[in-house]
2 protein chains.
Amino acid sequence: MRKKNIEYRSSCPISTALDIIGDKWSLLIIRDLAFKGKNTYGDFLNGGEKIATNILADRLMLLEMAGIITKHPHPESKAKHLYKLTPKGIDLVPALVEIISWSEKYHEVHPYAKQFVKQLKNNKEAVVKQIIEGLKKDSFN
Amino acid sequence: MRKKNIEYRSSCPISTALDIIGDKWSLLIIRDLAFKGKNTYGDFLNGGEKIATNILADRLMLLEMAGIITKHPHPESKAKHLYKLTPKGIDLVPALVEIISWSEKYHEVHPYAKQFVKQLKNNKEAVVKQIIEGLKKDSFN
DNA sequence: AACAATACTTGTAAAATGCAAGTGATTTTG
DNA sequence: CAAAATCACTTGCATTTTACAAGTATTGTT
């Protein structure tokens with residue numbers, strides 16, 4: 001069984017953020033939701049990085065507890081669930097975008113990522129805004 | 001013994017970033033270097049979040065291997081070492097700043113952090129630029 | 001020379017992660 | 001409509017990582 005409440009190590013905002021999303025998987029789930037239109041357990045499992053099923057279930061629960069995602073019935077199938085980013089989750093997009101830019105600058109990444117960073121360099125504000133607006137619209141479905 | 005080369009799970013820039021700094025401690029060391037003027041092993045140990053000595057040594061090595069920090073002799077004492085951010089490390093500041101903003105918005109944080117975010121809201125570009133310039137200047141000492 | 005500070009290393013217990021298999025509820029197929 | 005497949009997990013166990021306590025080697029201080 002998991003602890004219900006996370007203990008924060010300090011009142012430093014970075015430290016607190018890491019207490020929530022400071023692991024190798026949480027941000028990838030958020031990435032899938034924010035950039036890849038993935039939103040079911042099965043989607044995340046086939047996300048490209050081979051997360052273990054127990055870890056995925058654990059992270060989904062933690063992210064839900066942290067108020068970053070919510071779990072809904074799937075409109076097309078009772079066997080599925082639909083995960084969505086909350087406003088708190090959507091607000092992570094600017095941080096993700098900066099991480100992408102940094103990583104693209106210093107590492108070999110997928111051509112798709114290079115293209116995305118090129119767009120960012122051209123007009124970061126607009127690109128970020130468009131992504132966020134798109135995600136907010138989803139919230140009403 | 002530690003592995004010498006990190007294996008990247010995929011060519012996704014976020015995934016690659018997490019392979020390097022996706023843990024509970026690395027970004028706190030970088031925070032200490034970037035925002036708190038800390039730059040020795042002892043400084044990091046007393047950084048407020050009680051990192052274990054073996055983990056600190058391990059993370060310093062990994063960050064150095066990743067090209068994010070460098071290790072230098074201390075100008076005032078042969079018993080000490082001086083750690084500095086590389087340009088790659090300095091380039092993480094914008095991501096850190098976004099994480100700070102996000103975390104401050106949704107969590108209880110230190111008043112100092114609230115003040116910092118207020119400045120950011122007023123003029124993010126200038127604040128970030130000033131921090132980065134300050135760090136770059138240090139590189140020449 | 002003795003003591004303290006600094007930057008670690010080592011040993012071991014505890015926790016988190018990874019892997020394989022299993023479960024129960026739906027949904028599809030023959 | 002019964003059997004197989006899909007989906008979202010859970011369970012058990014081995015491996016890896018982390019935490020905590022203690023020890024060590026070099027340098028600095030008195």
Please classify the nucleic acid contact of Lys50(B) as base, sugar-phosphate, or nothing, using heavy-atom distances under 4.0 Å.
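Contact class for Lys50(B): none.
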
Base, sugar-phosphate alone, or nothing: which one does Phe44(A) contact when heavy atoms must sit under 4.0 Å apart?
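Nothing, no nucleic acid heavy atom in range.
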
Let me check something: do Phe35(A) and Tyr112(A) share a hydrophobic cluster, defined by ILVMFWY side-chain heavy atoms less than 4.5 Å apart, either directly or through other members?
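No; tracing contacts between hydrophobic side chains, which count when under 4.5 Å, never links both residues.
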
If hydrophobic clusters are built from ILVMFWY residues whose side chains come within less than 4.5 Å, do Val109(B) and Val97(B) share one?
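No, it is not one cluster - the side chains of Val109(B) and Val97(B) are not joined through contacts under 4.5 Å.
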
Using whole Å, report how far [atom1] of [X] lies from [atom2] of [N].
X: Glu76(A); N: dT6(D); atom1: CD; atom2: P; answer: 18 Å
X: Asp58(B); N: dA7(C); atom1: CG; atom2: P; answer: 17 Å
X: Asp23(B); N: dT18(D); atom1: CG; atom2: C1'; answer: 11 Å
X: Met61(A); N: dT11(D); atom1: CE; atom2: C1'; answer: 15 Å
X: Leu62(B); N: dT18(D); atom1: CG; atom2: C1'; answer: 13 Å
X: Leu56(A); N: dC19(C); atom1: CG; atom2: C1'; answer: 15 Å
X: Leu82(B); N: dT27(D); atom1: CG; atom2: P; answer: 17 Å
X: Ile29(A); N: dC9(D); atom1: CD1; atom2: P; answer: 11 Å

Would you indicate which nucleotide in dT10(D), dA8(D), dT9(C) comes nearest to any side-chain atom of Thr53(B)?
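Given the options dT10(D), dA8(D), dT9(C), the side chain of Thr53(B) is closest to dT9(C).
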
Residue met sooner reading DNA chain C from 5', once Asp43(B) and Trp25(A) are mapped to nucleotides:
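So the residue in question is Asp43(B).
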
More 5' along DNA chain C: Lys80(A) or Ile55(A), using each one's nearest nucleotide?
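Looking at DNA chain C, the more 5' nearest nucleotide goes with Ile55(A).
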
On DNA chain D, nearest-nucleotide positions of Asn54(A) versus Leu60(A): which is more 5'?
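On the 5' side of the pair lies Leu60(A).
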
Using a cut-off of strictly less than 4.0 Å, decide whether Lys78(A) has a side-chain nitrogen or oxygen near OP1 or OP2 of dT6(D).
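Checking dT6(D) against Lys78(A), no side-chain N or O comes under 4.0 Å of OP1 or OP2.
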
Verify the contact: side-chain N or O of Tyr83(A) to OP1 or OP2 of dC9(D), cut-off strictly under 4.0 Å; return yes or no.
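For dC9(D), OP1/OP2 do have a side-chain N/O of Tyr83(A) under 4.0 Å.
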
Side-chain touch Pro75(B)/Leu82(B), heavy atoms, less than 4.5 angstrom:
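Pro75(B) vs Leu82(B): side chains touch.
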
Consider only side-chain N and O atoms of Tyr83(B) and Asp43(B), and report whether a donor and an acceptor are under 3.5 Å apart.
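Not at all, the side chains of Tyr83(B) and Asp43(B) share no donor-acceptor pair under 3.5 Å.
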
State, without any angle test, whether Asp23(A) and Ser26(A) hold a side-chain donor-acceptor pair at a distance under 3.5 Å.
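Yes, a side-chain donor-acceptor pair sits under 3.5 Å.
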
Any donor-acceptor pair under 3.5 Å between the side chain of Ser77(A) and the base of dT6(D)?
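It does not, because no donor-acceptor pair links the side chain of Ser77(A) to the base of dT6(D) below 3.5 Å.
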
